[in-house]
Every structure is written in structure tokens, then in C-alpha cells.
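Step one of this worksheet: look at the structure below.
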Amino acid sequence: MPELPEVETVANGLHERVSGDTVISVWLGEKPEPLKSPAEEIAETLKGKKIEQVHRIGKTVVFELVGGTQFLVHLGMTGRLLVNGGDVPLPPHTHGVLHLKSGREVRFIDPRRFGRMSVTRGYTGPGKEPLKIDVDEFVGLFKGRKTPIKSALLNQKLLHGVGNIYADESLHRAGIRPTRQAGRLTRIELERLHKAVKAVLQHAIKLGGSSVSDYVDADGMRGFFQLEHRVYLRTGEPCRTCKTPIKRLLVAGRGTHYCPMCQR
DNA sequence: ACTATGTCCTGCGAGC
DNA sequence: TGCTCGCAGGACATAG
């Protein structure tokens, strides 16, 4: 479940390793599922283009190529982007390879195939950037919404980049129960949530993200934020604040973890 | 316009 | 030991 901090870590690692390099050719696996654009279009569009920058918009890794072309990679649940020398054997579930002028390769590996690749121009993402949004705009996002605050946090058209881990962690830090109606939260509560979302994401970025399933960065390294989780996947374990056992329920079909004492 | 639910996909761990 | 089954969930489609 690469979310904003994991995707940012991956994008930064890629930027260090491949910006300035040029795409010589593109190989895409025979399975069409991981492609949002036709394989030929991706291959033809990227071929011969220099990579100027790699960064993140929401949960999407964005390769900025010369002339305004963008190569988008969404990692889905289990997607990895690795940079390797061409002599390293391709691992199973490799769906795409960019062959670079330097001899290195950018590889997209994704066992569960929820990830997606596409080429486009002018991509800005579906929602607002959680690290940039100011408090008034943040509060405005939830006005009149009847859906649980947890669902609203997962809605990428509002904020993009927050997923299941950081939604749960942010709500715990803000002391808000995930099932509360988004539109019924007070201004004070939403201010706390605004702060909590930013703090959690920034802390996680510092620690290289959370490695809960098989997440690794562009160097194949795991993150360390999972050691800091206060609720996520801690069902039955004592709350780190008040020792009350963490509860689990389903919200929006997602496993949702919270402290019944700290979160009201 | 908003909300809820089902679907995709594979690996892994619990339980028998 | 080896099997089945449920679960993990981001984004999108579909239905209400």
C-alpha cells in the first residue's frame, strides 16, 4: 500500500538515479492490465526522450520528460519501481522496463497488478496536495459530507495521497473516531486533523515510509514508519497513549483501526 | 452531486 | 505436511 510517503521516497530515489538519463527503448509485458495507455503509445512516446525530473503527485510517480511528456506510474498495492543494471535478472511479475542510455533499467514490478502505467501531459492529480493545503481549504473539503471522515480522507478527489495507513494514523493523532460524519466535525476537530495529516505524512517521509507488506524504495530498501504506527494493524494491542486495546472495524470496506478511548 | 458497494489480482497466514 | 479459505486494499465502475 504505497501511499504518499512511500511514493515520495520512491520518486526521490528515482530522481537521484535517472534524471538526466535518456530512454532508449521500452519493454512492456504481454499482459495489458497494468496499462492505462496502449503499450505502443507508451513505448513510442518515451523512446529517445530525456528524463528531466522524477517526482510525485498524490500517489502517482511522475517522470517528467523533455518536451512536456509525462510517464505516470501508479504503484497500486504491491507495485515497485527499481533501478538496476541490465545484467540483473528480471524478477517475476515485471510488467515494464525502461532501457536507459546509461545501461541502467527502470523496472516496474507488481505481483497483484493493481498498478498502472500511462503517458500524458499536464497531469495535476485528482485532488489537493495534503502537504500544501491550508487549513481553510482543508476544512472546506468536508463541508456537508455525510460520509464517514475516514472515507472522506480516502477520497482522492478531495485530498490525494492519503491511504488506509495514514488515514487511521492521522485520525488517532487528531483524536477523532473514523466513523464520525465528515460534515459534522467541528472546526477545532478539523484543525487538529489538518495538523495531524501533515505531521504524520512528514514524519513518515523522514523515515522512508511504512513497509507493511512488500514496499521498498528505488534501492530496494524498506521504510521504518511501520514501527511508529499507533493503530494501523495493531488490533487488540494496547493504545500507545492510554493502554486501551485497539479496535478494528470496516469503514468503506477497509480495515479501520482506532482507540475507543482516545478517539471520540 | 454524493454515497455505497463490488471488482480486480496474488501472496500469505490461519486453521484443519 | 498440505490443503482451502479469507484477507489485504487503490482506483474505478456501477448502482442507488
Side-chain angles (χ1 to χ4, degrees), chain A residues 1-11 28-37 56-62 72-81 90-96 108-118 120 123-130 140-171 178-185 197 201 204 209-216 222-223 225-226 229 231-236 246-258:
Chain A
M1 47 223 76
E3 305 178 25
L4 187 151
E6 293 77 30
V7 177
E8 177 140 335
T9 304
V10 168
L28 295 165
E30 56 288 340
K31 302 259 185 177
E33 289 89 346
L35 305 180
K36 270 166 85 179
S37 309
R56 164 198 73 71
I57 298 176
K59 297 179 193 170
T60 300
V61 178
V62 182
L72 307 186
V73 181
H74 194 292
L75 300 174
M77 278 285 293
T78 54
R80 298 179 176 197
L81 276 169
L90 284 183
H93 308 296
T94 300
H95 303 299
F108 178 59
I109 300 126
D110 183 16
R112 230 168 277 182
R113 290 198 272 155
F114 278 20
R116 292 290 182 266
M117 294 179 272
S118 59
T120 188
Y123 180 74
T124 55
K128 303 287 181 187
E129 267 299 319
L141 291 179
F142 305 105
K143 209 163 205 167
R145 296 193 181 268
K146 293 187 172 153
T147 196
I149 184 62
K150 162 89 183 252
S151 302
L153 284 174
L154 294 177
N155 182 349
Q156 302 296 297
K157 287 179 181 149
L158 301 178
L159 281 182
H160 60 207
V162 177
N164 210 38
I165 298 173
Y166 298 103
D168 282 5
E169 293 296 316
S170 299
L171 286 166
T179 47
R180 294 274 303 283
Q181 266 189 36
R184 295 209 164 178
L185 293 173
V197 168
L201 293 174
S210 302
S211 290
V212 292
S213 54
D214 43 11
Y215 161 75
V216 290
R222 291 167 59 83
F225 191 71
Q226 67 280 7
H229 291 175
V231 287
Y232 185 73
L233 291 185
R234 294 192 64 244
T235 310
I246 299 301
K247 281 197 172 181
R248 179 186 182 276
L249 46 77
L250 281 184
V251 177
R254 300 289 170 256
T256 297
H257 315 78
Y258 71 101

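In what follows, chains are A, B, ... by sequence order, proteins preceding strands, each numbered from 1.
The distance from atom CE of A:Met77 to atom P of B:dG11 is 13 Å, rounded to the nearest whole Å. In this structure, A:Glu6 places its CD atom 10 Å from P of C:dG10, rounding to the nearest Å. Note: NZ (A:Lys150) to C1' (B:dT5) measures 16 Å, nearest angstrom. In this structure, A:Leu153 places its CG atom 13 Å from P of B:dT3, rounding to the nearest Å. In this structure, NZ of A:Lys157 is placed 10 Å from C1' of C:dA13, rounded to the nearest angstrom. A straight line from CZ of A:Phe142 to C1' of B:dC2 spans 15 Å, rounded to a whole angstrom. What separates CG of A:Leu154 from C1' of C:dC12 is a distance of 14 Å, to the nearest Å. Remark: P of B:dC2 and CG of A:Leu141 are 12 Å apart, rounded to the nearest angstrom.
Here CG of A:Leu4 is found 8.5 Å from OH of A:Tyr166. Values are rounded to the nearest 0.5 Å.
A side-chain donor-acceptor contact under 3.5 Å links A:His95 to the backbone of A:His93. Between the side chain of A:Arg234 and the backbone N or O of A:Gly236, no donor-acceptor pair lies under 3.5 Å.
Test A:Arg145, A:Lys143, A:Arg180 against A:Leu185 for side chain to side chain contact (heavy atoms under 4.5 Å, CB included) and you get one pass: A:Arg180. The side chain to side chain contact (heavy atoms under 4.5 Å, CB included) with A:Tyr258 is formed by just one residue from the set A:Leu171, A:Val251, A:Leu249; it is A:Leu249.
The side chain of A:Pro111 sits closest to B:dT10 out of C:dC7, C:dA11, B:dT10. Ranking B:dT10, C:dA11, B:dA4 by closeness to the A:Pro148 side chain, first place goes to B:dA4. Comparing C:dC7, C:dA11, B:dG11 by their closest approach to the side chain of A:Arg254 singles out C:dA11.
A:His160 is linked by a side-chain contact (heavy atoms from CB on, under 4.5 Å) to A:Ile57, A:Pro126, A:Glu129, A:Pro130, A:Gln156, counting only residues two or more places apart in sequence or in another chain. By the side-chain contact (heavy atoms from CB on, under 4.5 Å) test, A:Arg184 pairs with A:Gln181, sequence neighbours left out.
Summary of helix geometry: the two end axes of the helix from B:dC2-C:dG16 to B:dC16-C:dG2, each defined by five base pairs via their C1' atoms, are inclined to each other by 40° (rounded to 10°).
Here A:His93 reaches the OP1 or OP2 of B:dG11: one of its side-chain N or O atoms lies under 4.0 Å away. At the phosphate of B:dA4, OP1 or OP2 sits under 4.0 Å from a side-chain N or O atom of A:Thr147. Considering only side-chain N and O atoms, A:His74 lies under 4.0 angstrom from the phosphate OP1 or OP2 of C:dA11. Regarding contacts with the backbone of B:dC2, every side-chain N or O of A:Lys146 stays at 4.0 angstrom or more from both OP1 and OP2. In this structure, A:Arg112 does not reach the B:dC8 phosphate: none of its side-chain N or O atoms is under 4.0 Å from OP1 or OP2. When the side-chain nitrogen and oxygen atoms of A:Arg145 are compared with OP1 and OP2 of B:dT3, one or more of them lie within a distance under 4.0 Å.
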